Amino acid sequence: MLLAIVGGLLIGLSASLYWSLNGRIAGISSILNGAFFKGGDERWVNVCFLLGLVIAGVAFGAFTDRVPAPHLPLLPLAGAGLLVGFGTRLAGGCTSGHGVCGLSRLSVRSLLAVITFMATGVVTVFVARHVLKLWVAT
Amino acid sequence: MGGDVKARLTAALAGLIFGVGLCVSGMSDPKNVISFLDIAGDWSPNLAGVMLGAIAVHAVWLRWGRKDRSSFASLAPAGKSSIDSKLLGGAALFGIGWGLSGYCPGPSVVALGSGALGVVVFLVSMAIGMALSRVLTTRHALPEVRTPPATAS
């Protein structure tokens with residue numbers, strides 16, 4: 001739990017720096033969207049943020065086992081990716097944009113979004129794991 | 001040009017710190033995310049700890065780290081104020097994908113560090129999902145703009 005909180009503090013620091021130095025909200029789904037679909041300068045700032053994420057992942061993966069591979073077969077993984085991409089853009093944010101940044105400025109929209117995606121996430125895991133028994137290994 | 005380079009460097013720095021935070025907290029591992037969502041199984045509160053830590057720092061920064069301390073409302077992104085079916089429906093669909101895979105957008109990018117093919121598949125399908133959402137929302141938005149206000153009676 002201590003590591004979870006320390007990691008959280010770093011994420012809060014990152015969101016704060018990005019907001020103060022770049023004037024932007026550190027919502028990763030919006031950053032991905034910008035990197036994929038925006039042009040010029042807008043795209044490159046987003047790409048640079050993502051590069052930072054990837055470098056962190058590669059560095060951690062090289063020294064620890066804390067960046068494990070996904071546990072699902074490719075087809076359901078692709079389906080989940082579609083839902084995450086489609087849903088986050090429709091809702092205008094994800095765990096970082098609505099969860100961290102939105103809740104930090106006491107946004108009611110973000111609170112409702114967070115409650116909604118946590119609820120469907122809990123139901124999905126319950127159905128997949130305990131009703132359909134799709135994956136049991138932890 | 002100098003401004004562009006500075007913005008890119010600070011963005012990369014913010015991304016790096018964000019990524020290290022995700023790795024340190026264990027949230028780059030889908031198993032840890034799923035065990036937070038698995039309230040009927042071996043439940044772990046760690047994801048809540050990550051969120052609370054991040055929100056504590058960011059909320060304090062937003063509240064006291066600027067000149068205008070009057071309200072949080074001025075920080076809201078422009079043009080996004082309504083609570084509608086797009087917000088709730090989108091969040092609901094996102095939650096299903098999140099629960100299935102254990103990946104939300106941030107950790108899925110960090111997971112490229114695992115070198116697994118599945119991560120690339122996830123990222124490509126996420127991009128396709130985003131493109132579909134863009135197509136759908138702009139199609140729905142266009143007729144509304146073109147409708148003259150006089151037709152409503």
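All figures in this text were calculated on a predicted structure; none of them were measured in a lab. Here is the naming used below: chain letters follow the sequence lines, and residue numbers restart at 1 for every chain.
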Start with the C-alpha gap between A:Leu13 and B:Trp61, add the side-chain angles, then the distance that decides, and say whether side chain to side chain contact (heavy atoms under 4.5 Å, CB included) holds. CA-CA 9 Å; A:Leu13 174 69; B:Trp61 187 292; 4.3 Å; yes
Heavy atoms, side chains only, cut-off 4.5 Å: are [X] and [Y] in contact?
X        : Y        : result
B:Phe94  : A:Thr116 : no
A:His71  : B:Ile34  : yes
B:Leu136 : A:Phe86  : yes
B:Asp38  : A:His130 : yes

Heavy-atom pair with the smallest gap, counting every atom of [X] and [Y]:
X       : Y        : value
A:Pro70 : B:Ala116 : CD-CB, 3.7 Å
A:Leu53 : B:Leu22  : CD2-CD1, 4.5 Å
B:Ala11 : A:Asn22  : N-OD1, 3.7 Å
B:His58 : A:Ser16  : ND1-OG, 3.0 Å

Chain B contact via A:Ser107 - side chain, backbone, both or neither, heavy atoms under 4.5 Å: neither
Against chain B, work out which of [options] has the most heavy-atom pairs shorter than 4.5 Å and name it.
options                               : value
A:Thr120, A:Leu77, A:Leu10            : A:Thr120
A:Leu112, A:Val123, A:Val47, A:Leu51  : A:Leu112
A:Leu103, A:Leu17, A:Thr88, A:Leu21   : A:Thr88
A:Leu50, A:Val54, A:Leu32, A:Val114   : A:Leu32
A:Pro73, A:Cys101, A:Gly102, A:Ala119 : A:Cys101

Gap separating the [atom1] atom of [X] from the [atom2] atom of [Y], nearest 0.5 angstrom:
X       : Y        : atom1 : atom2 : value
A:Arg89 : B:Leu132 : CZ    : CG    : 13.5 Å
A:Ile28 : B:Phe18  : CD1   : CZ    : 4.0 Å
A:Leu9  : B:Ile55  : CG    : CD1   : 12.0 Å
B:Leu88 : A:Phe117 : CG    : CZ    : 12.0 Å
A:Leu2  : B:Asn46  : CG    : CG    : 10.0 Å
A:Ser30 : B:Met130 : OG    : CE    : 7.5 Å

Using a 4.5 angstrom heavy-atom cutoff, name the option from B:Val50, B:Leu123, B:Val109 with the most pairs to chain A. B:Val50
Out of B:Val57, B:Leu16, B:Val20, B:Ile17, which one pairs with A:Ser14 under the side chain to side chain contact (heavy atoms under 4.5 Å, CB included) rule? B:Ile17
Which answer fits B:Leu9, side chain, backbone, both or neither, if we ask what part of it has an atom under 4.5 Å from a heavy atom of chain A? neither
For B:Ala127, which atoms come within 4.5 Å of any heavy atom of chain A: side chain, backbone, both, or neither? both
Between B:Trp98 and A:Thr95, does the side chain to side chain contact (heavy atoms under 4.5 Å, CB included) criterion hold? Intermediate values first, please. CA-CA 10 Å; B:Trp98 189 40; A:Thr95 337; 4.2 Å; yes
